[in-house]
Number of protein chains: 2
Amino acid sequence: MTSLDVSREAGVSQSAVSRAFTPGAHISPDTRRRVLDAAERLGYQPNAIARSLVTQRSGIVALIVGELHNPFYPQALSQMAQALEARGKRALLLTHDGRRDVQETLDAARSYQIEAAVVFPTRLSSTPPSLGDPLTDGVPVLLFNRQLPGHDLLSVSCDNHAGGRLAAQLLYGSGARRLAFVGGDPDTSTHQDRLRGFAGWLAEAGVELLAAPARAFQYDWGMQATLDLHTAGLRPDGIFAANDIVALGVLDALRVLGRRVPDDVSVIGFDGIPEGARAAYRLTTIRQPLDLMIEDALEALFGPPGPATGRLHPGELVWRGTVGGAQP
Amino acid sequence: MTSLDVSREAGVSQSAVSRAFTPGAHISPDTRRRVLDAAERLGYQPNAIARSLVTQRSGIVALIVGELHNPFYPQALSQMAQALEARGKRALLLTHDGRRDVQETLDAARSYQIEAAVVFPTRLSSTPPSLGDPLTDGVPVLLFNRQLPGHDLLSVSCDNHAGGRLAAQLLYGSGARRLAFVGGDPDTSTHQDRLRGFAGWLAEAGVELLAAPARAFQYDWGMQATLDLHTAGLRPDGIFAANDIVALGVLDALRVLGRRVPDDVSVIGFDGIPEGARAAYRLTTIRQPLDLMIEDALEALFGPPGPATGRLHPGELVWRGTVGGAQP
DNA sequence: CTGAAAGCGCTTACAG
DNA sequence: CTGAAAGCGCTTACAG
């Protein structure tokens, strides 16, 4: 079923059929009606592939995702896909398992004439050399929630550094003085920036950072790190977890250890995943403004050229039950 | 950068360039080498859009997802995308918010000449009339983990009915006699089949089903339903939750109520999400064999025509700590 | 406003 | 094995 079939059915030229489906094309309302009716009868739909070929605009945006352990990312992914649809774009989903190069995945995507690519974090740091300019080569590439120093890629992130400072301030404000950071993947900018902010504020306040073990953004790790901390006799009274998933592990470990939250120890996370709101946790956290970040990402990719890199969005404090003292 | 550019660089015809990139094409190793080298130098990649147009095979498969509240689905989605890539297909991600018709989403996808579509469940039941044959119209459509009676769609599911029976048997085996089902979305086949299996087995055993409240596949609902059950004085000693997410809510409610698991009450879930394995839950559950289901889905879509509908995979018992008695 | 025609970048008979 | 040519289903100057 092609536009030619429709043109015959409607008694017009094939060009007219094309115009009827092109918003803003010069075509009389009457002709458009006839074409649309004929198309309806025949169940015709324009072939987006053919259109892409001639217009040189595929309308396709690559979404590259790694492991989806952290519930923050499926949500980001699905909201991004929706936002893309709202702009008339299509999302091509590509997975990246961390073993191969992101560049390879991008190359594969590029054969579909993608207009842009959004990379959702995995352990990006392991492959920076290849993530240089050749990658962008024509298509804008945006890192969501990661930054790669020394590379000229677009990027939209939460202000992790400021979030780290805020976490320190809040924990300090709750009265805690024996403070620990339970990190995530130490090779990621999110981990690094949050830690820098946290440690920086503490240093300025003259408070020692008790410990900062790091390994992975995972529940199990949060639990184990907390257990280890106590085995080592460190017994912090304030813990900043690198993200919410880790924080949940921290909280469950504290439960096992019999330490009361927030009476004995205050805990704060980062991300704002729905799970943290559950009655079993009531996690106080710094929420990433996902809606804004996604809007901004699309703006960076498709809007007028602006600052090429590192758009930062302040996190929002979500005050629940795991940090002691009064809400600031 | 087109095949013509490469042909000039390599000193061959444009056809030769095409053949060099077509596996199994008749081309001398020498010519192929020359072309590939030239392509490498110029950074050429075949245009998949143009290829799709002429071969009439886009290699694109639509993945239609709704809300991703249940962590089971992001995982299914990402594994499906990977499995597709392994077969040389591409995943076009489309969202379906439940307000609009699935048919609309599919129509939009079809303009990209998709070769197949996989629909991940949302509240599908609300739109059955439109999910008829016109939808399949050329492209095979597969419902993942849902069945739509009266429609001739492909479908791959866990054997929910058998799973429900197993849950009843296990709970009964643990000594429980006051049994409740905490349902999910009552309009879905997963909810319905699990309940039928559960209630059926109990009926045969002559055990009364205490209650079967249902609303949504969500943590909060699991919690609320359990609280309600106890407020109503029902105090079950065995609970089958419609899925794991609901089961976690059930467990947290029981914790709040001070009822010990599995001493006072046994709980079993369905799905096998990683979260259920956490120390805070140790949920006994019936795991859906995701890998097998995905393989089977691809087989149904791209393999030789087989039984058109309703492939069922038995769930696997994952014995952890929330059902009393010995492991069967 | 409308139609005939060129052309987007490929694949694939066809002839050699 | 190789090249010239037709054609996939569209959009878009171009002329009317």
Side-chain angles (χ1 to χ4, degrees), chain A residues 1-36 38-39 42-60 88 90 107-115 138-139, chain B residues 1-36 38-39 42-60 88 90 107-115 138-139:
Chain A
M1 190 57 50
T2 73
S3 58
L4 200 63
D5 298 312
V6 178
S7 73
R8 279 196 277 258
E9 169 84 10
V12 296
S13 74
Q14 183 266 331
S15 318
V17 176
S18 175
R19 294 198 179 96
F21 283 96
T22 306
H26 284 310
I27 186 173
S28 75
D30 182 54
T31 309
R32 161 164 278 147
R33 228 346 346 115
R34 287 234 299 287
V35 170
L36 262 25
L42 301 181
Y44 167 81
Q45 259 200 327
N47 182 328
I49 296 284
R51 172 185 293 169
S52 300
L53 186 60
V54 53
T55 59
Q56 306 278 48
R57 310 188 68 250
S58 67
I60 297 177
R90 294 284 158 217
D107 281 340
R110 198 160 333 109
S111 73
Y112 278 88
Q113 313 304 106
I114 56 172
E115 295 182 2
V139 305
Chain B
M1 190 57 49
T2 73
S3 57
L4 200 63
D5 298 312
V6 177
S7 72
R8 279 196 277 257
E9 169 85 8
V12 297
S13 73
Q14 184 267 330
S15 317
V17 176
S18 174
R19 292 197 181 98
F21 284 95
T22 306
H26 284 311
I27 185 173
S28 75
D30 183 55
T31 309
R32 162 165 277 146
R33 230 341 351 114
R34 288 234 301 286
V35 171
L36 260 26
L42 301 181
Y44 167 80
Q45 259 201 327
N47 182 327
I49 296 285
R51 173 184 293 169
S52 300
L53 186 60
V54 54
T55 60
Q56 307 277 49
R57 310 187 68 252
S58 68
I60 297 177
R90 295 283 159 217
D107 281 340
R110 198 159 333 108
S111 73
Y112 278 87
Q113 313 304 107
I114 56 171
E115 294 182 2
V139 305

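This structure is a prediction, so every number in the text was calculated from the model and none was measured. Letters A, B, ... mirror the listed sequences (proteins, then strands); counts begin at 1.
- Atom CD in A/Q45 sits about 14 Å away from atom C1' in D/dG9, given to the nearest Å.
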*For B/D30 and B/R33, run salt bridge (Lys or Arg N to Asp or Glu O under 4.0 Å): C-alpha distance rounded to whole Å, both residues' side-chain angles, the deciding distance at 0.1 Å, then the answer.*
CA-CA 5 Å; B/D30 183 55; B/R33 230 341 351 114; over 6 Å; no
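- Nucleic acid contact for B/T31: sugar-phosphate only, since backbone atoms but no base atoms lie under 4.0 Å from a heavy atom of the residue.
- Nearest to the side chain of A/S18, among D/dG3, D/dG9, D/dT11, sits D/dT11.
- Atom-to-atom, NE2 of B/H26 to P of C/dA15 comes out at 16 Å; the value is rounded to the nearest Å.
- When distances are taken from the side chain of A/V54 to each of C/dT2, C/dT11, D/dC10, the shortest belongs to D/dC10.
- Here C/dA4 presents its P atom at 12 Å from CZ of A/R8, a figure rounded to the nearest Å.
- Across D/dA13 and D/dG9, the matching P atoms stand 23 Å from one another, rounded to whole Å.
- Contact annotation: B/S13 side-chain N/O to D/dG3 OP1/OP2 distance is under 4.0 Å.
- Taking every heavy atom of both residues into account, B/L42 and B/V6 meet most closely at CD1-CA, 4.0 Å.
- When each of B/I27 and B/Q56 is assigned the nucleotide of DNA chain D bearing its nearest heavy atom, the one mapping closer to the 5' terminus is B/I27.
- When heavy atoms are screened at a 4.0 angstrom cut-off, B/F21 is found touching no nucleic acid atom at all.
- C/dG3 atom P lies 13 Å from atom CG of A/L4, rounded to whole Å.
- The A/R19 side chain lies nearest to C/dT2 when the options are C/dT2, C/dG9, C/dT12.
- Rounded to whole angstrom, the span from the CZ atom of B/R32 across to the C1' atom of D/dC1 amounts to 12 Å.
- For the P atoms, the distance from C/dA6 to C/dT2 is 22 Å, rounded to whole Å.
- Side-chain rings of B/Y44 and B/F21 approach one another, their centers coming within less than 6.0 Å.
- Side-chain proximity of B/S28 to C/dC10, D/dC1, D/dG9: nearest is D/dC1.
- In terms of modelled atom types and a separation under 3.5 Å, the side chain of A/R32 and the main chain of A/R19 share a donor-acceptor contact.
- Of the candidates D/dG9, C/dT12, D/dC14, the closest approach to any side-chain atom of A/L53 belongs to D/dG9.
- Residue-level contact check: B/S15 touches the bases, meaning some heavy atom is under 4.0 Å from a base atom.
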*Given pairs defined as Watson-Crick or G-U wobble with both distances under 3.5 Å, what dot-bracket annotation applies to DNA chain C, with ( ) intrastrand, [ ] crossing, | other strand and . unpaired?*
|||.||||||||.|||
